[in-house]
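A short worksheet on the structure shown next.
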Amino acid sequence: MAFLKFNKSELVNRSYSLKREIICAGKSGSYANTSIVCCNTRRYHGLLSVTLDRFGGDKYLLLSSLDESLIVDGKQFNLGIHCYGDIYEPRGHKYVVDFGADPLPQITYKVGEVILRKSIVVSSDHDQTMVRYELLQAPSNVKLQLKPFLAFRNVHALTNCNGQARTDGTAVNGGMCFRMYSSFPDLFLQLSNSKAVFEANPHWYYGITYSDEYRRGFDCREDLLVPGFFSVTLKPGTSLVFSASTREENPSALTRSFKAVEKSIPTVENQHGHLVYWADTLISTHNGRKKINAGLSWLLTGLLRETLFALPGLTLYGKNSPEEFEEILDNLIADEQERLLRRTTQVEAPLYLSSALQAYIDYGADPAAVWKKYGKTVKEVIQSYLPGRRQEVTMHPNGLLWAQMDNVALSWMNAYTNGIPVNERAGYQVETNAFWYNSVRFAVDMEMAYGAKNGKFVKEWKGLSELIRKSFMATFWNEKRGCLADYVNDYGQNMEIRPNQLFAIWVKNSPVDDDLIPSVIKVIDNELLTSRGIRSLSPRDVRYKGVYEGSQIERDLAYHNGCAFPCLLEQYIQVAFRIKGPSFVKKAEWLCEGFYEDLAKHGVGAFSELYDGDPPQEPHGAIACARSTAALLAADYFIARYKEEGK
């Protein structure tokens, strides 16, 4: 990540440093996430968050933060920083003189003649965060104190002082073990220096405030338990490793363990390598099962829609790993039988299985083998949309899918305000029916080629695919606007200009007449395309909100009514290449360049979930998003392919 640049003179400026976040993730599903000066600004921030199966597989924050103090010539200098309402105390950020992320987050503090560097890693194979302290310069020995702030709560919740919390700990080799509540795992806090001592002094810190939550109108204050502090004397030129883990570590091996994790972080020399690094980071292996994390730090792992959308980009275009593609897909199918075959509020998501398999075949997979393994599931998914099978969506006599549940958003545009969907879109949805047509055509074509070509499925569905196509064009095409309706209900076509019509011209078996596709792209170019993705609504619409800021309601109103989504560039770039061929390479490269300019913003080094629709288009949402990363990997793949074709 050597191309990451930070303004060192601005590090002491809270408005600069607090909106830039460190994110380190392990393959087990654990992570560390905080600002670049280690002041937590979100409820999700902390040094060790882990996935707990005992609580349904959600993420839980065990160690919120670790405050450092330097004792120099009898004077104490606190390097930590917390917000209490409008007050920041202590204000350790004023000692920060450097920050880097190559290859791991490193913060350098300067107190007089003393220079201390802190580095953070998360173990790849188990739930452990390690922090290394290096005393780079000092006129004499320096005492370092470490004060852990314990949370033991769900990452979506907040905690308060209570009588049920156990405030004492148990001594272990090289440190202490804490378990605030009996149902939680142990948290082992250990140090590599055998001379480190722990002084018990349990007390609560009240009213710690998370500024990002406050700004958004959420509950933002909590109390955290500090059970005491560790202290150790460091000589100039020496180092210390602190470990927070759910298992007891060997203190004498912590330095080696830290170096091993540091060495395992790949050297990133270019933009593609950076994307591949994040593709691997966003694939976790929990309990031996690989899944895709939809987005760090608060989105869930193994989500149906997000996994299917990101799967080709991360595993194929990024890691060139067909084995991981199938392993993750197999786990998803096993876990998501209910949503795939019976009921889901993501009505288009099960149908995306066909698109993922089509991408796999186009990448080089044997189509006969793919159909032999996944054909039964694809056919079952299609049949689940027949009348009487699903409550939320069903096939009508015209062959199209009608999706409707009162006060439920049945598409990916699923934000709510006060329990009411912002965009309900009840009726015939353009993207759902495009995926529907593509899936039926794909299944019929594959069954005829590699299955029972004269069997019952082909006989029942072959003629239906043409009915779907004809009904689609008659229902969605708007000649006057030269594009597709977003959805159609009992009142007719809804002509809000949204990116959902992009899916209709992107799917491999498009229901849109070939000669009309350039017209749809022109509308998208004129009203939705930005330098940071595709807007979710045209700025010409009265509902358009171009900035994702304010209260929860204001942000939910903007989320799918103006925000730009990087993930939609995958579909846009592929369609543009089909139309324009190699001549589109320069434009495609330009559309991707801006994201690398933003790597020192928001989640440091990672690719954000969404952007403002209006310039200057600041990043928002999940700081490391699987779909955004996958889309940029897909763009890289097709740019390289068409470059070669253009030679």
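All values below come from the heavy atoms of this structure, side chains included, with hydrogens, waters and symmetry mates left out. We count residues from 1, following the sequence as given. Computed from a predicted model, the values in this text were never measured in an experiment.
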Is a side-chain N or O of [X] found less than 3.5 angstrom from the main chain of [Y], in a donor-acceptor match?
X	Y	value
Arg535	Gly613	yes
Ser284	His286	no
Thr307	Leu303	yes
Gln337	Ile333	yes
Tyr44	Leu296	no
His602	Gly621	yes
Ser628	Pro566	no
Glu380	Leu340	no
Ser536	Cys563	yes
Asn331	Glu327	yes

If the threshold is 4.0 Å, N to carboxylate O, is there a salt bridge linking [X] and [Y]?
X	Y	value
Arg343	Glu338	yes
Glu597	Arg532	yes
Glu644	Arg641	no
Arg543	Glu496	yes
Asp541	Arg498	no

Discussion item. Taking the cut-offs as 6.0 angstrom to the six-membered ring centre and 45 degrees off its axis, would you call Arg305 and Tyr352 a cation-pi pair?
Written reply: no

Worksheet item: So is Arg627 actually on top of Phe309's ring, under 6.0 Å and inside 45° of the axis?
Response: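 Yes, a cation-pi geometry.
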
Considering only heavy atoms from C-beta outward, does the side chain of [X] approach that of [Y] to under 4.5 Å?
X	Y	value
Thr344	Glu392	yes
Trp461	Lys379	no
Met395	Trp436	yes
Tyr572	Leu591	yes

Item to complete: Tell me, with the steps shown, if Trp298 and Tyr31 meet ring-ring contact (aromatic ring centres under 6.0 Å, His included).
Response: CA-CA 10 Å; Trp298 58 84; Tyr31 72 82; 9.6 Å; no

With a sphere of 6.0 Å drawn around [atom1] of [X], does it hold more than 12 non-hydrogen atoms of other residues, nucleotides or ligands?
X	atom1	answer
Asn407	CG	yes
Arg216	CZ	yes
Lys319	NZ	yes
Lys470	NZ	no
Lys601	NZ	yes
Asp330	CG	yes

How about [X] and [Y]: does a side-chain donor come under 3.5 Å of a side-chain acceptor?
X	Y	result
Tyr428	His396	yes
Tyr544	Arg540	no
Tyr450	Asp445	no
Trp412	Glu348	no
Ser471	Asn398	no
Asp486	Asn500	yes
His560	Asn423	no
Glu324	Thr315	no

Practice prompt. Evaluate ring-ring contact (aromatic ring centres under 6.0 Å, His included) for Phe595 paired with Tyr611, printing each intermediate quantity in order.
Written response: CA-CA 10 Å; Phe595 298 102; Tyr611 278 77; 5.6 Å; yes

Discussion item. For the aromatic rings, using the six-membered ring if either is Trp, is the centroid distance between Phe607 and His274 under 6.0 Å?
Written reply: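 Ring centres of His274 and Phe607 closer than 6.0 Å.
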
Worksheet item: So, Phe577 versus Phe638, ring centres under 6.0 angstrom or not?
Response: no

Item to complete: Identify the heavy atoms of Pro499 and Leu528 that sit nearest to each other, and give their distance.
Response: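 Scanning both residues completely, I find the closest heavy atoms to be N-CD1, 3.6 Å.
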
Discussion item. Would Tyr637 and Tyr363 count as a ring-ring contact (aromatic ring centres under 6.0 Å, His included) here? Give the steps.
Written reply: CA-CA 10 Å; Tyr637 175 80; Tyr363 192 75; 5.7 Å; yes

Item to complete: Enumerate the residue pairs fulfilling salt bridge (Lys or Arg N to Asp or Glu O under 4.0 Å) with a member in residues 547-560, sequence neighbours excluded, ordered by first and then second residue.
Response: Arg215-Glu549

Fill in: Lys545/Asp612 under salt bridge (Lys or Arg N to Asp or Glu O under 4.0 Å): CA gap, chis, key distance, verdict
CA-CA 9 Å; Lys545 295 186 182 298; Asp612 292 329; over 6 Å; no

